[in-house]
Amino acid sequence: MGERYPSDMSDQDRDGDVDGDTGTGVATKTKAKTKKPSMYRVLMLNDDFTPMEFVVHVLERFFNKSQQEATQIMLHVHQKGIGVCGIFPYDIAETKVMQVVDFARKHQHPLQCTMEKV
């Protein structure tokens, strides 16, 4: 018997599949939908004991505020009792709250910082 040529392959194709089924299918891409993380406001609360300069320093250090921005936020907290330091995803907001409270305690100030969902 001689060599088999593609035209001779009626029941079997070159890959060995029967009845012309090449085993190829349609590839479908499922695009993963990423959900934006919930955001949280970090809030600073006023007290009658923490020096204003300390609050400005905290805002500059932990929230990357300029001296002018930090002073404006500090004055808002002082006058209104509460102010927004920034808006962040949960993990970052939680970390910043802990950093501020720990830093204040180390310096013997009762400064309070909290967070709320936006």
Side-chain angles (χ1 to χ4, degrees):
M1 296 186 105
E3 290 183 37
R4 292 182 67 185
Y5 293 98
S7 61
D8 293 341
M9 297 181 180
S10 57
D11 290 342
Q12 214 175 15
D13 67 8
R14 286 178 223 166
D15 297 329
D17 292 331
V18 179
D19 296 332
D21 181 11
T22 60
T24 56
V26 177
T28 57
K29 277 189 178 179
T30 51
K31 191 173 181 180
K33 291 185 180 183
T34 53
K35 185 179 170 186
K36 287 189 177 182
S38 297
M39 301 299 280
Y40 290 78
R41 272 186 208 97
V42 175
L43 304 169
M44 189 169 289
L45 308 176
N46 187 45
D47 66 70
D48 294 331
F49 305 101
T50 305
M52 292 179 177
E53 298 80 22
F54 184 79
V55 174
V56 170
H57 176 69
V58 165
L59 290 163
E60 290 171 342
R61 179 173 175 166
F62 296 105
F63 298 97
N64 298 319
K65 301 295 183 189
S66 67
Q67 186 173 5
Q68 183 180 358
E69 285 178 299
T71 301
Q72 288 175 345
I73 294 169
M74 177 275 299
L75 288 172
H76 181 85
V77 170
H78 181 69
Q79 294 165 356
K80 305 288 184 183
I82 192 168
V84 177
C85 302
I87 298 174
F88 309 95
Y90 180 84
D91 292 344
I92 294 171
E94 183 181 44
T95 299
K96 289 192 179 289
V97 167
M98 289 189 309
Q99 288 174 328
V100 169
V101 172
D102 288 347
F103 188 71
R105 296 301 163 269
K106 285 178 186 170
H107 290 85
Q108 300 177 352
H109 296 300
L111 184 64
Q112 287 293 310
C113 196
T114 187
M115 58 193 254
E116 70 178 14
K117 194 170 184 179
V118 175

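The figures that follow rest on heavy atoms only: side chains count, while hydrogens, waters and symmetry mates do not.
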Verdict with supporting geometry, M44 and Q112, side-chain contact (heavy atoms from CB on, under 4.5 Å): CA-CA 6 Å; M44 189 169 289; Q112 287 293 310; over 6 Å; no
Compile the donor-acceptor pairs under 3.5 Å between side chains in residues 70-88 and protein atoms, sequence neighbours left out, one pair per line.
| from | atom 1 | to | atom 2 | distance (Å) |
| --- | --- | --- | --- | --- |
| T71 | OG1 | Q67 | O | 2.7 |
| H76 | NE2 | I82 | O | 3.4 |

Connected via hydrophobic side-chain network under 4.5 Å: V101 and M98: no
Cluster link F62 to V42, ILVMFWY, side chain under 4.5 Å: yes
Within residues 36-47 or reaching into it, pairs that qualify as side chain to side chain donor-acceptor pair (under 3.5 Å) - sequence neighbours excluded: R41-E116, D47-T50
Summary of side chain to side chain donor-acceptor pair (under 3.5 Å) pairs that have at least one residue in residues 95-106, sequence neighbours excluded: none
Connected via hydrophobic side-chain network under 4.5 Å: V100 and L43: no
Y90 OH to M39 CE distance, which is reported to the nearest 0.5 Å: 14.5 Å
Ring centres under 6.0 angstrom apart (F54, H107): yes
Minimum-distance pair of heavy atoms, taken over all atoms of V97 and C113: CG1-O, 3.3 Å
Minimum heavy-atom distance between P51 and H109, given as atom pair plus value: CD-CE1, 3.2 Å
